[in-house]
Enquirer: 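My questions all concern the structure below.
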Number of protein chains: 2
Amino acid sequence: MISNRLLETAVDHFGQRGFEGASTREIARESGTAMSSITYHFGGKEGLYLATAEHIAAQVRERAGPILDQVDATEVKDRATATELLLTVLDGFAGLMLSPETERWSRFIIREQQCPTEAFERLYEGVMRRVADTLIRLLGIARPDFDDRQIRGTAVGLFGQAMVLRAGRAAICRVLGRKDLDAESAQLLRASLRANALAILSETPR
Amino acid sequence: MISNRLLETAVDHFGQRGFEGASTREIARESGTAMSSITYHFGGKEGLYLATAEHIAAQVRERAGPILDQVDATEVKDRATATELLLTVLDGFAGLMLSPETERWSRFIIREQQCPTEAFERLYEGVMRRVADTLIRLLGIARPDFDDRQIRGTAVGLFGQAMVLRAGRAAICRVLGRKDLDAESAQLLRASLRANALAILSETPR
DNA sequence: GTCTATACTACGATAGAC
DNA sequence: GTCTATCGTAGTATAGAC
């Protein structure tokens, strides 16, 4: 399917060079087709861009869905269960941030976070909202002493610790003294995230 | 000074549209000069890009310097002092991430983290390395039970909680149900970050 | 130092053959 | 559906006037 090849190539080009920097000619050439195919399939450059956002959302959904389904299927009544599930979700998210295939997606997503367009809407509604809702629901049970605002503020911090694994990747490599994140570094970062999250979640209400 | 106006305009254009997406013509026009001024002052588009990175590093250094100087001037011997200083540095960093003026810089920096070029080198050596070193030094005192790797892994998490305030801004606004981060939201996020960090730092060694 | 003028390349959109 | 050809616009670099 040529339209799928175009989308895959577009993920890389838009992610690395941005909307204005990417060239439809180049995307088409690298996909082994003519530029006018983009017009035919997506109506133009902007249509391809929006379709790329939805393509990414669908792939992230596919990867994150099972674990979220598992959480939704579990009846969570006590702090311990909520904490354990929350750690699982966070670790799954960290694993996603550390897996090589998400590098291409995250470049696109992080770009959209800085200068949101209609594409961010598709990303958020397509997958991010569900992740956020799950985090917030579990956090409300794990920290019954928090009001809704505190829950959301804390969720941002937990989320940030996983997101930085992609958003701050270049700096992390420097700090760890590695050229890339090898398996040992990945394990260290996941363990640290788990320990940090556990400390945050199990803090005794004052 | 026309070269300074060019740099200021370049921060916005490169940050919002990326290296390839930005136009030297437009940058020059918005700076009130001719495009060939860029050639004269910076040798071309790429020279302007690298100079922009150094310009940003210098401005961040100016903002973060005083607080780092204060830490370096303090003799830190016990966990309590290290913890308090660490919380101060983190809150200062969060304040920076929340202040409007850093929006322009952070777009550029986050872009460089995704696809690092020579410009990232200038950013890291220009300001990031010193922040990281300070965080790691304090963390080593606040958590004497950690080895060097654990310190660095934990520092990434602490850093991430502040960085997400910029890198994940669009998503945070959704989660908090705001169009922008108002003063009340900013205060909430800083308080949550402080509470999270405190939980992480004061965890009893097992 | 800053400008105008120009050379050359690449862009996105579109029309029309097949 | 996919291609080629072409149009108008905009990109960077550079030479040379002032």
Enquirer: Is the gap between the ring centers of A/Phe93 and A/Phe159 under 6.0 Å?
Expert: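 Aromatic pair counts; centres sit under 6.0 Å.
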Enquirer: OP1 or OP2 of D/dC3 versus the side-chain N and O atoms of A/Thr33: is any pair under 4.0 Å?
Expert: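 Checking A/Thr33 against D/dC3: at least one side-chain N or O falls below 4.0 Å of OP1 or OP2.
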Enquirer: What I want to find out is whether B/Arg137 reaches B/Asp72 closely enough, with some N-O distance under 4.0 Å, to be called a salt bridge.
Expert: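 Counted as a salt bridge, because a side-chain N and a carboxylate O are separated by less than 4.0 Å.
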Enquirer: I'd like to know whether CD of B/Gln187 has more than 12 heavy-atom contacts from other residues, nucleotides or ligands below 6.0 angstrom.
Expert: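 Open.
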Enquirer: Can A/Arg129 be said to sit on top of A/Tyr124's aromatic six-ring, NZ or CZ under 6.0 Å from centre and within 45° of the ring axis?
Expert: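 Not flagged: A/Arg129 not positioned over aromatic ring of A/Tyr124.
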Enquirer: Whole angstroms only, please: what is the CG-P distance between A/Leu6 and C/dG12?
Expert: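 Nearest whole value for this atom pair: 13 Å.
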Enquirer: Tell me whether the OP1 or OP2 atom of D/dT2 has a side-chain N or O from A/Tyr40 closer than 4.0 Å.
Expert: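 So the side-chain polar atoms of A/Tyr40 never come under 4.0 Å of the phosphate oxygens OP1 or OP2 of D/dT2.
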Enquirer: Please state whether the phosphate of C/dT14, meaning OP1 or OP2, lies under 4.0 angstrom from any side-chain nitrogen or oxygen of A/Thr39.
Expert: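 False: A/Thr39 side-chain N/O out of range (4.0 Å or more) of C/dT14 OP1/OP2.
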Enquirer: Could you tell me how far apart B/Phe14 (CZ) and D/dG11 (C1') are, to the nearest whole angstrom?
Expert: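 Interatomic distance, CZ of B/Phe14 to C1' of D/dG11: 13 Å.
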Enquirer: Roughly how many Å is it from CD1 in B/Ile38 to P in C/dG1, rounded to a whole number?
Expert: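 Distance, rounded to whole Å: 17 Å.
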Enquirer: Ignoring backbone atoms, test whether B/Ser23 places a side-chain nitrogen or oxygen under 4.0 Å from the OP1 or OP2 oxygen of D/dA10.
Expert: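 For D/dA10, OP1/OP2 do not have a side-chain N/O of B/Ser23 under 4.0 Å.
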Enquirer: Could you give the CZ-to-C1' distance, from B/Arg29 to D/dA10, as a whole number of Å?
Expert: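 One finds 12 Å between C1' of D/dA10 and CZ of B/Arg29, rounded.
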Enquirer: Expressed as a whole number of angstroms, how long is the span from A/Arg5:CZ to D/dG1:P?
Expert: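 Rounding to the nearest Å, CZ of A/Arg5 and P of D/dG1 are 19 Å apart.
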Enquirer: When you match B/Glu20 and B/Ser36 each to their closest nucleotide on DNA chain D, which lands nearer the 5' end?
Expert: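 Its nearest nucleotide lies further toward 5', so the answer is B/Glu20.
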Enquirer: If only atom types and distance count, is the side chain of B/Gln113 paired as donor or acceptor with the main-chain N or O of A/Ala171 below 3.5 Å?
Expert: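 Confirmed, B/Gln113 side chain pairs with A/Ala171 backbone.
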Enquirer: Report the distance from atom CZ of A/Arg25 to atom C1' of D/dG8, rounded to the nearest whole Å.
Expert: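 That distance rounds to 12 Å.
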Enquirer: So what does B/Ala22 touch, heavy atoms closer than 4.0 Å: a base, only the sugar-phosphate, or nothing?
Expert: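 The answer is sugar-phosphate, as B/Ala22 gets under 4.0 Å only of primed atoms, P, OP1 or OP2.
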Enquirer: Classify the nucleic acid contact of B/Ile2 as base, sugar-phosphate or nothing, counting any heavy atom under 4.0 Å across all strands shown.
Expert: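 Contact class for B/Ile2: sugar-phosphate only.
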Enquirer: CZ of A/Arg17 versus P of C/dG12: gap in Å, rounded?
Expert: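 One finds 10 Å between P of C/dG12 and CZ of A/Arg17, rounded.
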Enquirer: Roughly how many Å is it from CE in A/Met35 to P in D/dT6, rounded to a whole number?
Expert: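 In whole Å, D/dT6 P lies 15 Å from A/Met35 CE.
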